[in-house]
Amino acid sequence: MGAREWDASTYDAVAAPMTTRGVDAVARLELRGDETVLDAGCGTGQVTATLLERLPRGRVIALDASERMLEVARKRLGGAAGRVSFVRADLEEPLGLESPVDAIVSTSTFHWVRDHDALFRHLAEALRPGGQLVVDCGGAGNVASILRILEDLGETDHPWTYATPEETSARLAAAGFTTFETWRSERPTPLPPEELEQYLATVVLGTHIARLGPEAGAQLARDVAARMDEPLIDYVRLNVDARR
Ligand SMILES: C[S@@+](CC[C@H](N)C(=O)[O-])C[C@H]1O[C@@H](n2cnc3c(N)ncnc32)[C@H](O)[C@@H]1O
C-alpha cells in the first residue's frame, strides 16, 4: 500500500477545518436515510459521524489506507456497531467492496492520491448506476503561499495532486459518470498562532516529514511557519457533485 501512516491522535485534535468542510460536503448528499454510503478516506471519523446521523436506517463503509486513522475512527464510531464497517484499502487500487454502494462522499483526501484517472475509475466501479459522488479536496491553487515557501527552502518533491475542475470533469466522463458538476472554491482558514507549527507538521507536511525524518521534518515545519505572513492556510478546494 503506497499511502502513508498518519499521526491520528494529533490529527483528530486539530481537524476542525477539515471537519467544517466535510460537514458541508455531507450536506450535499441527497439521501432518504436507508442507503449504504462509502466515506472514501474517513480519517478519524469526525465527518463519518455526521454522515451516520443522516442514515438512521442505513449503513456507512468507512475506508482509509491508514491503520492508525482507522483505529481512532473505530473508537469514535464503535457505538454504531452494525451500521458501520471499516475497510483498509488504497484508493489507487480497486476497492474490492462486496457490493456497489448507493453513494460515495470524500473529504480532504483525493489530493493525497496521485493517480486520479485510476481513482475515479475505482469509485465508478464501487458505485451503483445512478449513485451519487460528492467530493471536497485540495484543488489547483491550493496552499499556494506554502508551496512558494517550500520552493524557497529547496523542497520541491510534493505528494499532492491539485487538479482543476476541467481536468476532473474529463476524468469523471472517462470513468463513466453521466452527470457531473465540478467547481473551485476559496476557503482561507485562520489558525490560532500557537497551533500553526503543529498543524503544518500533522496535516500539511506529513509526507515531507516522513521522508526527512523527525528532526529535519520538525525543522521544516518550524521554517515554513516562521516564513508565513500570517497564521492562515490559503485553502482552495476542488468540489465534485456527480452521478454514475
Ligand atoms: C486529511 S485526512 C481527511 C480525513 C477525513 N475525511 C476528514 O475530513 O477529516 C486524509 C485521509 O486520506 C487518507 N488517504 C490518503 N491517501 C489515501 C489513499 N491512497 N487511499 C486511502 N486513503 C488515503 C489518509 O490516510 C487520511 O486519513
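Counting starts at 1 for both ligands and their atoms, following the listed order. Nothing here was measured: the structure is a model prediction, and the numbers come from that model.
Put simply, L147 and V204 are part of the same group of oily side chains (I, L, V, M, F, W, Y) that touch within less than 4.5 Å, one to the next. Residues I233 and I209 fall within the same hydrophobic cluster, defined by Ile, Leu, Val, Met, Phe, Trp and Tyr side chains chained together at heavy-atom separations under 4.5 Å.
Closest approach of A201 and A221 over heavy atoms only: CB-CB, 4.0 Å.
In this structure, the ring of W160 has its center less than 6.0 angstrom from the ring center of H208.
A donor-acceptor contact shorter than 3.5 Å links the side chain of D64 to the backbone of G43.
Ordered by chain and residue number, the residues placing a heavy atom less than 4.0 Å from ligand 1 are A3, W6, Y11, M18, G41, C42, G43, V47, D64, A65, S66, M69, A89, D90, L91, T107, S108, T109, W112, V113.
In this structure, I104 shares a hydrophobic cluster with L38, I61, L63, V87, L91, L95, L97, V101, F110, V113, L119, F120, L123, L127, L133, V135, L172, F177, F180, V240, the cluster being traced through Ile, Leu, Val, Met, Phe, Trp and Tyr side chains under 4.5 angstrom apart.
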